[in-house]
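A short worksheet on the structure shown next.
Indexing begins at 1, ligand by ligand and atom by atom, following the structure's order. Please read these numbers as outputs of a predicted model, since none were measured by experiment.
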Amino acid sequence: METYSMVRVIGEGSFGRAVLVRCKNSQDQYVVKEIQLPKSRSKLENRRREVVLLSRMKHPNIVAFREAFEADDLLCIVMEYCNGGDLLQKIQQQKTAQFCVDDILKWFAQMCAGAKHIHDKRVLHRDLKTKNIFLTDNGTIKLGDFGSACILNSPKAYANTYVGTPYYVAPEIWDNKPYNNKSDVWSLGCVLYELCTLRHPFQASSWKSLILKVCRGAYPALPSHLPYELHYLVKQMFKTNPKDRPSLHTILTSHRVSRLLRSHL
Ligand code: ADP
Ligand code: MG
């Protein structure tokens, strides 16, 4: 960490912490995600995969990778700092009112554009949720946290290796089917719904009833004052059969709402 000086810790994660740093030469700020390296070789490869996959991405709506290095038993990933916080914080701070429809459409269009780039690179993110979607100070969406990502069609895409956040997990995963690109679409549907209502679409007091609701695709209807396009999108993204769910390509190019979304990009 000689080229960087530490500013402060900004996040505690499942494998380590995220630290805001300043480059000693340029004075630019970055985030260093410090990951404790496990002893076992297979787990080591899992942690290193995050670096490999994030470094392959280059898109205005994905956190930009700068460099990575290993020091002692830490893997350090240096990346762009998103100083607008994450969408979870944004939602929690918004308790009293609703987001305006233009913000919802803009954020959603940008997260679809970022996620489409990931899928175009034949990678699945597998942990899309409000806590892993960041904002810059000018309000641009950046998808982050590639700690669960994997390559499409790899054995890792099977449910038994999947560790997501239950609220965002698609029905096919509970059904022990492989994780696929449409499972990411389901998770983005959950994020869109949260932006519209400030609540999770699928909520329950036990795992069993949560899974039942997800597998039935049973969610409370969106408030009727929201535009038809948002109702339609949520309905399509929550199709329980992944084959019936639109891909990100479809949502952004040929879907009934694509023109509206592209006008917000
Ligand atoms: P984990 O795999 O532990 O969830 P994340 O990559 O999601 O790790 O980072 C943990 C937290 O640190 C995030 O939820 C976020 O609050 C903060 N964070 C991580 N990367 C950035 C970044 N590039 N810009 C701003 N905050 C970040
Ligand atoms: Mg995270």
Side-chain angles (χ1 to χ4, degrees), residues 1 3-23 26-38 43-70 73-94 107 110-111 114-115 117-118 123-150 156 161-169 179 183-184 187-188 190-191 194-195 200:
M1 293 275 281
T3 42
Y4 304 100
S5 54
M6 177 168 159
V7 180
R8 63 188 151 86
V9 176
I10 54 169
E12 294 287 344
S14 33
F15 299 105
R17 54 182 197 168
V19 183
L20 178 64
V21 299
R22 183 175 286 116
C23 177
S26 67
Q27 297 298 310
D28 289 338
Q29 290 188 314
Y30 297 98
V31 167
V32 177
K33 182 169 170 177
E34 298 177 343
I35 300 164
Q36 203 73 43
L37 281 174
K43 285 186 182 153
L44 198 64
E45 284 318 303
N46 281 342
R47 302 277 63 84
R48 285 183 178 140
R49 190 182 314 117
E50 176 170 359
V51 177
V52 174
L53 297 183
L54 178 64
S55 66
R56 276 195 210 165
M57 306 298 152
K58 213 176 166 56
H59 189 275
N61 300 116
I62 297 177
V63 173
F65 172 83
R66 182 171 156 88
E67 61 168 331
F69 51 86
E70 290 182 20
D73 50 357
L74 281 186
L75 167 61
C76 296
I77 309 174
V78 187
M79 58 190 144
E80 164 185 21
Y81 171 43
C82 308
N83 50 0
D86 58 49
L87 272 185
L88 178 65
Q89 296 164 350
K90 197 92 185 156
I91 288 170
Q92 286 169 344
Q93 290 157 4
Q94 190 71 19
W107 290 334
Q110 291 183 355
M111 58 184 94
H117 179 81
I118 300 173
V123 170
L124 305 172
H125 184 287
R126 300 203 304 172
D127 200 14
L128 291 168
K129 57 179 177 180
T130 52
K131 201 175 183 320
N132 287 335
I133 302 176
F134 308 135
L135 284 162
T136 64
D137 53 357
N138 71 10
T140 303
I141 288 284
K142 304 271 177 176
L143 305 183
D145 194 354
F146 281 66
S148 303
C150 74
K156 294 269 183 273
T161 59
Y162 176 68
V163 277
T165 308
Y167 290 125
Y168 299 86
V169 172
Y179 199 101
S183 321
D184 275 348
S187 304
L188 282 183
C190 295
V191 174
E194 274 184 82
L195 291 177
H200 292 297

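The nearest protein atom to atom 21 (C) of ligand 1, hydrogens excluded, is given as F134 CE1, 3.6 Å; this is a heavy-atom distance. Of all protein heavy atoms, the one lying nearest to atom 22 (C) of ligand 1 is V31 CG2, 3.6 Å. What sits closest to atom 23 (N) of ligand 1 on the protein, heavy atoms only, is E80 O, 2.8 Å.
Residue contacts with ligand 1 for D145 involve both N, CA, C or O and side-chain atoms from C-beta outward (heavy atoms, distance under 4.0 Å). At a 4.0 Å heavy-atom cut-off, ligand 1 touches K33 through the side chain alone. Residue contacts with ligand 1, taken as heavy atom pairs separated by less than 4.0 Å, do not involve N83 at all. Of all the heavy atoms of K131, the ones lying under 4.0 Å from any atom of ligand 1 are found in both the backbone and the side chain.
By the 4.0 Å heavy-atom criterion, G11 is counted among the residues contacting ligand 1.
Counting only protein N, O or S atoms, 2 lie closer than 2.8 Å to the Mg ion (ligand 2).
Proximity of a side-chain donor or acceptor of D28 to a complementary backbone N or O of C23 within less than 3.5 Å is not detected. Using modelled atom types, one side-chain atom of R47 and one backbone atom of G147 make a donor-acceptor pair closer than 3.5 Å. Looking only at distances, no side-chain donor or acceptor of R66 sits under 3.5 Å from a matching main-chain atom of V78. The backbone N or O of G144 lies less than 3.5 Å from a partner atom in the side chain of H125, making a donor-acceptor pair. Between the side chain of H200 and the main chain of C190, no donor-acceptor pair closer than 3.5 Å is present. For D184 (side chain) and R126 (main-chain N/O), a donor-acceptor pair under 3.5 Å exists by modelled atom type.
Other residues, nucleotides and ligands contribute more than 12 heavy atoms inside 6.0 Å of the NZ atom of K129.
The pair D145-K33 counts as a salt bridge, with a side-chain nitrogen and a carboxylate oxygen less than 4.0 angstrom apart.
Residues T136 and N83 approach most closely at C-OD1, 3.6 Å, considering heavy atoms.
Note that CG of L143 and CZ of F146 are 6.5 Å apart. Values are rounded to the nearest 0.5 Å. Interatomic distance, L20 CG to Y30 OH, rounded to the nearest 0.5 Å: 12.0 Å.
Set against the non-hydrogen atoms of N132, the atoms of ligand 1 under 4.0 Å away are 7 (O). Of all atoms in ligand 1, listed by their number and element, those nearer than 4.0 Å to a heavy atom of I10 are 25 (C), 26 (N), 27 (C). For ligand 1 and D86, the ligand atoms under 4.0 Å from any heavy atom of the residue are 14 (O), 16 (O).
For the side chain to side chain donor-acceptor pair (under 3.5 Å) with N46, the qualifying choice from R49, K43, R48, E50 is R49, the only one to do so.
Between Y81 and ligand 1, no pair of N/O atoms sits closer than 3.5 Å.
With distances taken over non-hydrogen atoms, the option nearest atom 24 (N) of ligand 1 out of A18, A64, C82 is C82.
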